[in-house]
Structures are given as structure tokens and as C-alpha cells.
Engineer: 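Following this message is one structure expressed as C-alpha cells.
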Amino acid sequence: MNPAPVKRGKFIVLEGIDGAGKSTHIDFIAATIRAVHAVEVLITREPGGTPLAEKIRALVLHDPMDVRAEVLMVAAARLDHVQRCIGPALDRGEWVLCDRFIDSTRAYQGGGGGVDLSWIDALHLQVCGSVIPDQVILFDLPAEIAAARRGARGGSADRFETQDVAYFERVRDVYRNRMRPNGREKTAIVNAELDVSRIQIDLEKIISSL
Ligand code: TYD
């Protein structure tokens, strides 16, 4: 007799402008998923998540390049990540919690950098058409406040973190006006201006509803 098929896991993506607080909440989200749904959770990130994609990440974050080259490089990283990491984990029945995915490309290269969104969407469909997030959690806050938080955090900034407030407002606009061409992606917007404990209450509700 064949063994019962493993139920495919869920794919959860965190999005938001730099300084919105994704890193503060990712471990809490993973722990809550494990507690509520009793599943294995794989935490990963974009660009990155595989040895090849991490090399591409270093280039995209630090080497000056045309914004269309950024799109192509994050797409190449995403292809490797989906093929070798995200897809197999979902097939094993694990849940995947990914720090950024396609909406980052739409928001940063599309909104911030001015690349045609329909080109980004078409490329994405070629790269990982069947891997669509079950839930996107957007940490939303004004660009001005995010910039102040990044300043307070200190440390060395990458090519994106040094962009001005106007750039991040455009990034935020694309996030907030996200198109859902396939209509299957669920999006929850979290008010990232609130206290950490208040945000955690919202996150628990989102995760329980999955
Ligand atoms: P981020 O995920 O915020 O990592 P850290 O917390 O280490 O700063 O940084 C990744 C950067 O990559 C972020 O500034 C946005 C950028 N990015 C794009 O521009 N396009 C993309 O498609 C992705 C996935 C990320």
C-alpha cells in the first residue's frame, strides 16, 4: 500500500520597507505557527536562502548596477531558492516563512526604481508561477518613521537602506496598492507604528486564521 500523501505546507511571506520591523517579529511568528498549527517551520529570506542566492544577494545589496539588472538578479536568486529550498520544503509538508518575496521586487525595483510592473510580473510567472504565497503579512509604516528607526539602529547600510525618504514612499505605495493578478494571495496589513506587544496580538490573530 502506498503511504498517505504528505499535506503540502503553507507559504507565508513577510514584507515591508526597511525599518518596518520584520526582523523583530519573525521568530515570534515562527514560534506562534509551531504552537498553533503543530507544524515544522522553515525560516528563509530573499534575496538568498540557498548558497547561490546568498552570493547574488551580496552583489545586489552592495554592487552598483542598473535597476533592471537588479530585477534579473533577484529573479535568478528566486528561481534557485524556489527550486532548491521553498518548493521541496512545502512538498515535505513544512510551512515556509520567508522574509521578502516577489512583492519586494514590485515595491523596490518597480515602485522605488521605476521598472515596469508588468515586466516584473511576467518574469515572476516564468520563474516560479506555481509557488504563490498563502499569506503575505505587510508591516506598514510611513517612510519618515522607518528612516528614523534605521538611523537609531546604526550599523552599515546597504544600497537600498541609503535611499531617500521619497524612494521609500514610492516603495510603500506599491506595497499598499498591491495588485493581485492571480487573486489567490491573501494579504494582511499590520500597523508597524504600534508597540511590539500590540503587533503580536494582531500577528496571533492572522496566524490562527490560517
Ligand atoms: P532586508 O531583507 O531588509 O535585510 P536586512 O534586515 O538584513 O537589511 O534587506 C534586503 C534588501 O533587499 C532590502 O533593502 C530590499 C532589497 N530587495 C529588493 O530590492 N528587491 C527584492 O526583490 C528583494 C527580495 C529585496
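Just so you know, ligand 1 is whichever comes first in the structure, and atom 1 is the first atom listed for that ligand. These figures come from a predicted structure and were not determined experimentally.
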Engineer: In terms of ring plane angle, is the pair Phe11 and Phe101 parallel, tilted or perpendicular, where the classes change at 30° and 60°?
Structural biologist: perpendicular
Engineer: So which protein heavy atom does atom 4 (O) of ligand 1 come closest to, and at what separation?
Structural biologist: Arg57 NH2, 3.2 Å
Engineer: List the closest protein heavy-atom neighbour of atom 6 (O) of ligand 1: residue, atom name, distance to the nearest 0.1 Å.
Structural biologist: Ser23 OG, 3.9 Å
Engineer: What protein heavy atom sits nearest atom 12 (O) of ligand 1, and how far away is it?
Structural biologist: Leu61 CD1, 3.6 Å
Engineer: Using the rule that two of Ile, Leu, Val, Met, Phe, Trp, Tyr join whenever any of their side-chain heavy atoms come within less than 4.5 Å, decide whether Ile199 and Leu210 are in one cluster.
Structural biologist: yes
Engineer: Got the closest protein heavy atom to atom 17 (N) of ligand 1, with its distance?
Structural biologist: Pro47 CD, 4.4 Å
Engineer: Quick check on contacts: which atoms of ligand 1 are under 4.0 angstrom from a heavy atom of Thr105?
Structural biologist: 21 (C), 22 (O)
Engineer: Give, for atom CZ of Phe139 and atom CG of Leu14, the distance between the pair rounded to the nearest 0.5 Å.
Structural biologist: 5.5 Å
Engineer: Identify the closest protein heavy atom to atom 23 (C) of ligand 1: which residue and atom is it, and at what distance?
Structural biologist: Ser104 CB, 3.5 Å
Engineer: Check if Arg78 has a non-hydrogen atom at a distance under 4.0 Å from any atom of ligand 1.
Structural biologist: yes
Engineer: Going by the atom numbers of ligand 1, which of them fall below 4.0 Å from some non-hydrogen atom of Lys22?
Structural biologist: 2 (O), 3 (O)
Engineer: Could you find the nearest protein heavy atom to atom 20 (N) of ligand 1 and give me its residue, atom name and distance?
Structural biologist: Gln109 OE1, 2.8 Å
Engineer: In this structure, would Val82 and Leu52 fall into the same cluster of hydrophobic residues linked by side-chain contacts under 4.5 Å?
Structural biologist: no
Engineer: Are Arg159 and Glu70 close enough for a salt bridge, meaning some N to O gap below 4.0 Å?
Structural biologist: yes
Engineer: Is any side-chain heavy atom of Val39 less than 4.5 Å from a side-chain heavy atom of Arg34?
Structural biologist: no
Engineer: Taking only heavy atoms of Glu46, which atoms of ligand 1 are found under 4.0 Å from at least one of them?
Structural biologist: 24 (C)
Engineer: Could you tell me whether the side chain of Gln109 and the main chain of Val67 form a donor-acceptor pair under 3.5 Å?
Structural biologist: no
Engineer: Tell me, which protein residue and heavy-atom name are nearest atom 1 (P) of ligand 1, and how many Å apart are they?
Structural biologist: Arg100 NE, 3.5 Å
Engineer: Among all protein heavy atoms, pick out the one at the shortest distance from atom 8 (O) of ligand 1; state its residue, atom name and that distance to 0.1 Å.
Structural biologist: Glu161 OE2, 3.1 Å
Engineer: Is Asp140 paired with Arg172 through a side-chain N to carboxylate O contact shorter than 4.0 Å?
Structural biologist: yes
